[in-house]
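Following: one structure in structure tokens, then a few remarks.
So that the names make sense, note that chain A is the first sequence line, chain B the second, and so on, each numbered from 1.
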Amino acid sequence: NKMTFLFVYLQVCFLMSFSTGMTEKERIKLREEVRGMFYHAYEGYIKYAYPYDELRPLSCDGHDTWGSYSLTLIDALDTLGVMENKTEFQRVVELIIEKANFDVNINVSVFETSIRILGGLLSGHLMSKKMGVDVEDGWPCAGPLLRISKDVADKLLPAFDTPTGMPYGTVNLRDGVPEGETPITCTAGVGTYIIEFGTLSRLTGDPVYEEVAMRALHGIWDHRSSINLVGNHIDVLTGRWAAQDSGIGAGIDSYFEYLVKGAALLQKPELMAIFIEARTAIDKYLHHEDWYLWATMTKGYVTMAVFQSLEAYWPGVLALLGDINSAQKIIFNYHQVWKQFGFTPEFYNIPQAEAPVNREGYPLRPELIESLMYLYQATKDDTFLEMGADILTSIQHTAKTECGYATKQPSTCSYFLTRRTGCITWERQDKFIKLALGIVSLKLVDTSIILKLIL
Amino acid sequence: MVHSKLVYVGIVVHSKLVVHSRLAILSRLVVHSSLLVHSKLVVHSKFMVHSKLVVHSKLVIHSKLVNVVIVVHSRGPLTRKVSSPQPFFPRHSLVSDFYTGDVAKLTERLLGADLSLVVYYAPWDRDSQHLRWEMEKAARYHHEQIYFAAVNCWHPNSECKTRYKIRTYPAIVLHVRSVSGTETKALAYGGPRDAGHIIRFLSRALHPLTHVASHADLARLQMEHNAVVLGYYDFSTVKQLPRGFISYYLASLRSLQHHKTSAIAWGVVTNHKVATALSFNETRSVHLVLWNTTLVFTNAASSNSEGMSNWVNKWVDETTIWVDIPGTKSMALHSVLQKGPTLILFTPDNPYHTVNDPFTVLREISLDYSNCNQSSRVSNLARYLSSLRAKSRIQLRQAERVCRSYLQNQLHILHLSKQQFNSKDETCCGSEPSSEAGTTTGDQQSKVCDMCTHPTRTLTTPEELCTNPISWEEDSGLLHHVNKLMTVFSDSCRHLMLQYSPWEHYSVCCQRNNTLAKAKSSYIPHTPEKKEAFDVGSGHPDDRIEKLVALAAEDQCKRLFHGSLVAPHSFVKDQHPAPDITGLGCKTNKTLTFVAVDSLRHGDVAEKLGVNLTTREPQKTAAVIVDVAREAHFIMDASLSKLTLANFIINYTHGLLDRILVTGHVDTNRCKPSQICIQELTSENYLKFTQEMGKMVVVLHYSSNCAACTTVGHVFMTVAHMARHIPNITFARINILTNTLPWNLYFQTLPSIIVHPHYRKSDSSVFDSTLPLTPANLMSFLVSNLDPSHRLSLALSTCRDDCHEQVVQAAAVATTQLHHLMTVTTTKLQDVLHRLVKLKETPHEIPHWENHYQILVHTKHLLVRDIKTQRVKLNHLNQVQKLVPSNSNKLLIESDLLKSLQYIIQSKSNSKKTLESSTLHNEL
């Protein structure tokens, strides 16, 4: 039951390919390139889009996407920290403290608000001392950013008030769960809180956040099928599954991710135990030749043989777990997809090696590069650095616009704007760059890891 | 002349020397190519790009621009125009760039050359971007024989994109024009994407077949290759190409795909006498000559090229092979290692060199090792290899002498281009040194900047076009090698070299070469004059032959020069005869497999095994035995020679080697005494550090890639801080990812914490991994492993004022209790004594008298012991009360306190009883 980390002798040495190595010069060049990418996008946002949520990289203007709270600014805060830009970090912290107002009558996604706003505020809070901000007495258990975080989290809490403990997907920041809100939430939307909420509880001493997050996590697991698979969407009032397709990608992804990261960050062996049980079932029913397919949660019959770009987080999770062997095998498949398209399409038909029409966009998702970072940290094998550089090169080549980076629609080779595809986000790209930087600057940068480092 | 080997006998040109002619074998052996127009080639290729290219010369589709979707939005456009395709290669490149993806045009050009190398690229792809410079280099080397092209196979709606599905960019494909000239056969190249390896592949594709004119030729092929395929085709009787020969030729090309290093040679026997001597019964038969046997392909006459190469691949048996580790997903090394213990020889595989001394040593050893039935054929082969090695050394020296002027010339060019460079401004548009310039000399100076003149303002023309593709580190390496090479030159030349730094401000975008015009029009039809050469049977050389000789000589020099830029020749020093290991492989159940790995490209594999390649002799060469099943590996310490390698194998077979424990970098940061710090251990100092007597060591076994380990650091630190006053206790940690420890210290789960106690080192214990790792749990685990004296000192050292008071109070209470107890016990004792006296007085006849007496005596002893114990305790408590500073004498320094405590404890533990201190601890 203990958090286990498997180490197999010599496995790291022999399984996979080895690159010819990368010189220090190349590393530095890549790092500076990433830095340049970040500032290109960040300055574009500040210049054209602030105080809106996001920048539209083609028309070079701003608009609100998830709520009117300058989302990108908060989300970029920890990246500024990673870039060690103290002056800008301090300026943004002051700006947030001064301007932040979450007492507004808007409906927001509980999930997105938690990972972006709460995650951004908390990591900013924890980094602020290192970034030269004058912290008040009692830091890290007190501070303005922490108070704002608590305020935001309190506004999210009503969503968790359900019979099953699993939260609604949407909440009104002023009035709680809106009238007539659907009780159907995706699995990831239920189980992706423990890192931010757990951190908040540990910092404030108020256990309620960690408790509701744990309750939601257990809620999903308690409703698993007899073969230990979980579905895609669930009714949070009754606990009935609304979508029974099981996989590791869209709709489910970060549930597994948070099990592992939460277990490691908060030292919760019980979460790891859940993950290990879940993974056994996944390997049994979904795992085929280092790909992960979709199957029915009740019987495990394969329904779709597709790879989604969201699934690319999986090898990273396996690397965190210590199963470097499997992680490497999987990421080579994913990287091949990248090499075929210049990005990982949202859907990739595995048997036909093609992206279905209309599912081939790429909203600059950070999953693949995050996995590469973990694998590089684990193995120090330059192969993964090279893969990261591949990604960097193609993004620079095709996605760069005058004021930021746009998503790709390579079928027509045109660039769509946020509203059209509904899921491109500047801050995704921001996180992307963050992680890319993590690879070349040998730093751990994912929010959770920063928390981990400081806690 | 070194070219004495070049014998002109009838139709034969010895292929040892690389002859500069397009498709040497075809143009020489295919005499009547015009008659072959109708012989169709059956093409089978596994490669996804295409297996047939049919000419539609009129079907040139202009697909330059793609649909542009513009959705107008109130605040701006939602989509952006797709930019039109941009040239990928410099304008005057030797590589024709079909950047619009125009396959029809490309096909047309492909049919104009015997051999063409085509890159199917995507402009966004990093590997494609790198490959373009390597292609340039390769083209400069081979453009006279091979047509080089590149096609953008990504641009949406381009012909290439719609026709072919490329799963990984870039795809490098060799197109071989069929004899009919109407189609090409595609062979994918899957080797390393650097110029050297591409050039090697192309050189071999130019000369896939070797003429075998005598038994000696076969012997030579056998020495240079692991296996030899021999085909007997009679060119004398018919006026056209012998049937089946084309299949044989294509099969030989096909084998280039499977055997990237020249493991298999393909020989052609044309002479009837030689064929009979080599036991060929009829023409069109194929033999596979292996190290220990010769196989006959019975279906040779009716097989196509695929059938032949499949047969060869099925039966080929090599005692040692190069393992190629591609940059993609591959189980190449894994599958070898899974078979059993493996000897891996890390050695440079310089693509420009034809001989590899360390690899030949490995072959010798592996032949002897596998020679189970003492076959003289095998032992002779091994012996010949020895002599071959000696000979190749002499040949190299000769070659260096012969190539002296060529090399001097090259260096002169380098020098000139440097001077030219200095005269220009130091922008991106500086000229490129012509280090790779090949044969041309005078026209090198006319360099033009072209890529730099392209507008770089648009986003689709990134600056990377003008950056240096070669890193500085590599350059200094090159320079080093060139310097080394310089030792064979005159002094005047050398000093030029020393001041020259060709790679300074190196800029590729501006490369320019006047040979361009030639390259673009390099298609020359099958040369008719060669036909005449075949017809001359007398053996008189003519000037064409001399020209070939000269070209071959130049090629040798080119190789020497380029090869020395990559890595120097490494030669093995053999002084002593090696012990006999003939047939050893069959006498043990730990039979080794022998493989070689290129240490130039895969040095990191060696590094992960704990081999430092830089200190090795010969350069970058090391032997390692890896036994995955036993989870152990062994490194040969001595520098490589036949003797040391044989001894290494013998020692392994007899189990005399020690498992290598890989060790990480030694942490140089020593802890300051005032700090709490966790010492970083390595496998080297682990045992020495933890087994030191009188020192307790707590070690955290972690790994840098384990998520659960990242969050225990603060727990460990906290406990280290709490325990800082315990004397002789150290906290340390070890990263087991970079440090291998003996089996008894190997943990299945991480993080693990182990305590090596002060004295009884065999009593080390491990923190229970089922418990949550909290400071409290870890602390109590530690305390339970302390011996009593240290436990007490720990207890007291953590005491502060209020704690002291409590101690004094507790001690007072305990004293009172003890006094009371003693009174009680004394009373009891008196009682017992009294009854004993009474009992003695009474007659012994009372039933159970004996029993009564015994019980009483026993009780008396017990009580006496109790009283003694209580007295000792009292004494102890007294001392404790004295020690603990009361409010009045706070000045007592902690360390003094500890000292006196230790003194007490020592004297106590000497006086046998340790019980008291633990009692004290409980009371505290």
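Distance check: A/Ile331 CD1 to B/Lys329 NZ gives 11.0 Å after rounding to the nearest 0.5 Å. Taken to the nearest 0.5 Å, the OG1 atom of A/Thr383 stands 10.0 Å off from the CD1 atom of B/Ile325. For the atom pair A/Gln340 CD and B/Lys165 NZ, the distance stands at 6.5 Å (nearest 0.5 Å).
When every heavy atom of A/Gln267 is checked against every heavy atom of B/Leu773, the shortest pair comes out as OE1-CB, 4.5 Å. A pairwise comparison of heavy atoms in A/Phe341 and B/Trp154 identifies O-NE1, 4.1 Å as the closest pair. When every heavy atom of A/Trp338 is checked against every heavy atom of B/Trp124, the shortest pair comes out as O-CH2, 3.7 Å.
In terms of the side-chain contact (heavy atoms from CB on, under 4.5 Å) criterion, residue partners of B/Thr774 (sequence neighbours excluded) are, by chain and number, B/Pro772, B/Ala776, B/Asn777. Every salt bridge (charged side-chain N to carboxylate O under 4.0 Å, His left out) that B/Arg126 has, sequence neighbours left out, goes to A/Glu386, A/Asp390.
Proximity of B/Asp604 to A/Lys380: side-chain heavy atoms (C-beta onward) are nowhere separated by under 4.5 Å. Within the 4.5 Å cutoff, the side chain of A/Lys339 has no heavy atoms near those of the B/Ile166 side chain. Using a 4.5 Å cut-off on side-chain heavy atoms (C-beta onward), A/His397 and B/Gln129 make contact.
A distance-only check finds a donor-acceptor pair linking the side chain of A/Gln336 to the backbone of B/Arg167 [under 3.5 Å].
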